Structure formats: C-alpha cells, structure tokens
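Below you'll find the structure, written out as structure tokens, and then a few comments.
Just so you know, these numbers come straight off a predicted model, no measurement behind them.
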Amino acid sequence: MVDSLGVAVVGFGWMGRVHTQAYARLPHHFPHLPLRPRLVTVAEEVPGRAEEAAAQFGFAATTRDWRDIAADPRVQAVSITAPNFLHREIGVAMAEAGKHIWIEKPVGLTAGDAQAVADAVAKAGVQGAVGFNYRNAPAVEAARELISSGGIGTVTHVRVRLFSDYAAHPDGALTWRYEKERGGSGVLGDLASHGADLARYLLGDITSLTADTAVFIPERARPTGATAGHSLATGGELGPVENEDYVNCLLRFASGARGVLEACRVSVGEQNNYGFEVHGTKGAVFWDFRRMNELGVSRGTAYQDQPVSTVYVGPGDGEFGAFQPGAANAMGYDDLKVIEAYRFLRSVAEGAAHGATLQDAVRSAAILDAMVRSVESGAWVEVDPGA
C-alpha cells in the first residue's frame, strides 16, 4: 500500500523547480517507495511566481508567507530552497512544527546555523536531508567503494575542483548571493560546500587546512526588479561584492592524506567543471561531472606508466538501475535530485537516515568556517572536531 505524503516547497527559483520536478518523477523511477508525494503548497514572495508554479505543477495552494506552511496540517514534508540567510529560521520553524525537511546547502550562513537546524530536527524527531547532490552520482558512489575497499591502495592525496562561469559576466546583477548579510560566503557556500562534502564523503574527516580567497569582480549593478538565477543588470547603481569569487585550500585528513580544494564562480571558459582526482599507493580514480557516468581508473602493480581505463557505471552502481538498463546510458543533473528526493522520502518512511543529513551539513559548514578563519589569520587552522 502506498501512502500519500503532503509536501510543500519554500522558494521557487531554479532549485525550487528542481525539487518539485524530482517529487513528480519519484513514482516513475522508484515505484516501490511506500510514500507518494502530494504537492500541497508552494511559497514564494515574488508576486505571481507561486501562481505560475501551481499552474504548471499542480500545487493545491500558494502563499507568499512560508509561515502558512508551518501551520498547515496537510503538509508533512517541506523543501527549503529559499536564499541562504533564511535557511536557519525556516528550517528550525518547520522542524518545530513537526515537518520533515529537505534543505539546500549550505544550511544557513555558518556552522552555527546548520547546527541549530540539526538540533531542531533531532529534538522534533523528524527527518532532515541536505542537497549535496554530487555525492548521489553512481560514479561517485562507485569511486567511494573502490577507495574504501583498498582498490587504489592507501590514499595519499586528492584534488577537488569546482570551476564555473555563472558569475563571470561583469554585468551580473548584485543579488543576495553577493551580500554577506543574506548570502553569507560567496563561492565557499555555493561551490566549496559541495567540495568539502565530496572530500569528506570519499576520504573521511578533515582535521586542518589553510585557505586563500579573492574577489575578482569587486562591483556589480543592483537589479531594478525581481531576479531569478544569475540575471544580468546594466545601468543600475553599482554596489560592492562582499563575498569571495575564488578560494583555494590545502587540506589534511585524519587518515594522513593530503588534499587541495579549489573553487571559482568567475572562471571564464569553464562551465560546471566539477570533479576530483584521488591518488593512492597502487592507483588512482578520476571523476568529471561533465562526464558524470564515467570513471577514470588506474590500478595494478606497475606503478610507473600504469594506464588509466575508462569505466562506465551501470545498474550495479548506486541508484543507476532506477534510470537506465545498462552501462554507458547517460544520466543527468536532475536525476541526482530525484535520487536525493527518494532517499529523503525513504528516510521518512523508515524513520532512519538515508543520504546526506543535517550532520553532514554541519561538518561541511565547519570546514567552510575554518577556511574563513584561515583567510583572516593567514595560517593553518584546526577544523572543529565536534562538528
């Protein structure tokens, strides 16, 4: 028997749309999931946007105030895809109202914000999932298994990169993303949070680091109206970019491995160049998000001149089989969010966490906070071991 679960979405920009589409696709890819999402309410403060979402996707109701959702008994689970500065307030309120939450990273502006939401979820006894979607790629899960099984020997070092050009245009509008009060960090929270999670997911805890950041486009024009995504704005009043465009960071892991994490939102010529290279004493594994369903794998006993083979993931890897019947059939970005939605609802159904949790968000945020402290001090700093 399949039970209905009333869901709501708070914030209907691009990510709110992605969450909604993921809910709609769940019965297609995971028909045996004992919960069937039912779209109850969408909350969006931009006039007309919620109504457009309801007309397209079939939400039963709309509101401009997310507090209406917290008070609605028809809603049992909530996707929180609003701007970062609202994550703590909304996340805590929804958990206290007894709603399960699927919240986008970085879960607030600091590790303290993420911890507050995690504490509220734990106290309320509800489930909490976090949008670290790249760890859901079947190839990434296959790489993790290869590493943990000793398939490349003892890991010596890793490089994680996240380069994009979404903010490279000098006419990009000065939205909340570039303000410390509402966006918090810049590329740290947006891209490096994913990098920190991937590094932890693959290699375990990070103990210390040293980081450097830079702002390469110091001023942008303020938008004159509502914006979505990364809109352009010309002719508006110029304002300062208050958070970083770029970060590079040296990492030390509890295992003894070393790492480099580098992220940039203004990399001209780079579109979603996300990936990692993990090296061990007997081999290496490589992943590029733009070739999401492939791994480069080198292993054996040659050590020198050892070749790299391309491995295509298939139905035995992660949740690949829910989407494609055989290896080398491509999956895409939105499929990763369907997997995320599945693991969220499975957590709700079983009362046990599946996938990235609020504690993963706290640990990622602690790494980002350590990067900020390192930039301020110019020194190596310890990552909070209690996070």
salt_bridge(Glu340, Lys337) N-O dist < 4.0 Å | yes
Does some side-chain heavy atom of Asn243 sit less than 4.5 Å from a side-chain heavy atom of Arg265?
-> yes
Tabulate below the donor-acceptor pairs under 3.5 Å that side-chain atoms of residues 208-217 make, not counting sequence neighbours, or state none.
from   : atom 1 : to     : atom 2 : distance (Å)
Thr210 : OG1    : Ser374 : OG     : 3.4

Should side-chain heavy atoms under 4.5 Å link Ile, Leu, Val, Met, Phe, Trp and Tyr, which residues sit in the same cluster as Val362?
-> none
Determine, using the 4.5 Å side-chain heavy-atom cutoff (strictly less than), whether Phe163 and Met292 are members of one ILVMFWY cluster.
-> no
Heavy-atom count around Arg299 CZ within 6.0 Å, excluding the residue itself: above 12?
-> no
Correct closest heavy-atom pair for Ala118 and Gln359 would be CB-NE2, 3.6 Å
Atom CD in Glu44, atom CG in Asp65: separation rounded to 0.5 Å?
-> 12.0 Å
Does anything in residues 246-264 pair up under side chain to side chain donor-acceptor pair (under 3.5 Å), and if so which pairs, sequence neighbours excluded?
-> Tyr246-Asn248, Tyr246-Glu262
Should the pair Tyr333 and Trp14 be assigned to parallel (<30°), tilted (30 to 60°) or perpendicular (>60°) ring geometry?
-> parallel
Tell me, do Gln56 and Thr20 make a side-chain contact under 4.5 Å, heavy atoms counted?
-> no
Smallest separation among heavy atoms of Ala143 and Val285, with atom names = CB-CG2, 4.0 Å
Quick one: which residue pairs count as a salt bridge (charged side-chain N to carboxylate O under 4.0 Å, His left out) with a foot in residues 73-86, not counting sequence neighbours?
-> Asp72-Arg74
Shortest non-hydrogen pair, Thr63 vs Thr41, comes out as CG2-CG2, 3.9 Å
Cys249 versus Met371: any side-chain heavy-atom pair under 4.5 Å?
-> yes
Separation between CZ (Arg36) and CG (Asp3), nearest 0.5 Å, reads 10.5 Å
Minimum heavy-atom separation for Pro37 to Leu26, with atom names?
-> CG-CD1, 4.0 Å
Is the shortest side-chain N to carboxylate O distance from Lys105 to Asp190 below 4.0 Å?
-> yes
Does the side chain of Leu202 come within less than 4.5 Å of Arg144's, by heavy atoms?
-> yes
Can you tell me how far the CZ atom of Arg49 sits from the CZ atom of Arg64, to the nearest 0.5 Å?
-> 11.0 Å
List in chain and number order the residues that pass salt bridge (charged side-chain N to carboxylate O under 4.0 Å, His left out) with Asp288, two or more places apart in sequence or in another chain; answer none if no residue qualifies.
-> Arg161, Arg290
Hphob cluster co-occupancy, Val338 + Tyr342, side-chain heavy atoms under 4.5 angstrom | yes
Closest non-hydrogen atoms of Val381 and Ser377, given as atom of the first, atom of the second and distance, are CG1-OG, 4.0 Å
So do Thr156 and Thr154 actually touch side chain to side chain, heavy atoms under 4.5 Å?
-> no
Sequence neighbours left out, what pairs pass side chain to side chain donor-acceptor pair (under 3.5 Å) with at least one residue falling in residues 78-88?
-> His19-Ser79, Tyr23-Ser79, Arg88-Asp113
With side chains defined as the heavy atoms from C-beta onward, is the minimum distance between Ile339 and Met331 less than 4.5 Å?
-> yes
Does Leu336 share a hydrophobic cluster with Phe320, counting links as ILVMFWY side-chain heavy atoms below 4.5 Å and allowing steps through other members?
-> yes
Crowded around Glu145 CD? As in, over 12 foreign heavy atoms under 6.0 Å?
-> no
Could you give all pairs that pass the salt bridge (charged side-chain N to carboxylate O under 4.0 Å, His left out) test and reach residues 304-329, with sequence neighbours left out?
-> Glu319-Arg343
Applying salt bridge (charged side-chain N to carboxylate O under 4.0 Å, His left out) to Arg291 and not counting sequence neighbours gives Glu294
With sequence neighbours left out, write down each residue that passes salt bridge (charged side-chain N to carboxylate O under 4.0 Å, His left out) with Asp197, or none if nothing qualifies.
-> Arg135
Tyr178 versus Ala167, closest heavy-atom pair with distance = OH-CB, 3.2 Å
Distance from Leu191 atom CG to Asn272 atom CG, nearest 0.5 Å?
-> 8.5 Å
Evaluate the side-chain proximity of Arg346 to Gln127: yes if any heavy-atom separation is below 4.5 Å, no if none is.
-> no
Which pairs count as ring pair (Phe, Tyr, Trp, His ring centres under 6.0 Å) when at least one residue sits in residues 40-65, sequence neighbours excluded?
-> Phe12-Phe57
Evaluate the ring planes of His100 and Phe344, with Trp represented by its six-membered ring, and classify them as parallel (under 30°), tilted (30 to 60°) or perpendicular (over 60°).
-> perpendicular
With rounding to the nearest 0.5 Å, note down the distance linking CG in Asp334 to CG in Asn133.
-> 10.0 Å
Note: with side-chain heavy atoms under 4.5 Å as the link, the other cluster members for Val117 come out as Val10, Val40, Trp66, Ile69, Val75, Val78, Ile80, Phe85, Leu86, Ile90, Val92, Met94, Ile101, Ile103, Val107, Leu109, Val121, Val126, Val130, Phe132, Leu358
Ion pair Asp360/Arg200, N-O distance below 4.0 Å | yes
Indicate yes or no for a side-chain donor-acceptor contact from Glu242 to the backbone of Gly183 under 3.5 Å, with no hydrogens or angles considered.
-> no
Shared ILVMFWY cluster between Leu146 and Leu295, side chains joined below 4.5 angstrom?
-> yes
Does atom CD of Glu45 have more than 12 heavy-atom neighbours from other groups under 6.0 Å away?
-> no
Thinking salt bridges, do Glu179 and Arg220 make one under a 4.0 Å N-O criterion?
-> no
Joining Ile, Leu, Val, Met, Phe, Trp and Tyr whenever any side-chain heavy atoms lie under 4.5 Å apart, the cluster holding Val260 also takes in Leu250, Trp380
Between CG of Leu188 and CG of Asp245, what distance do you get to the nearest 0.5 Å?
-> 11.0 Å
Does the side chain of His279 come within less than 4.5 Å of Phe286's, by heavy atoms?
-> yes
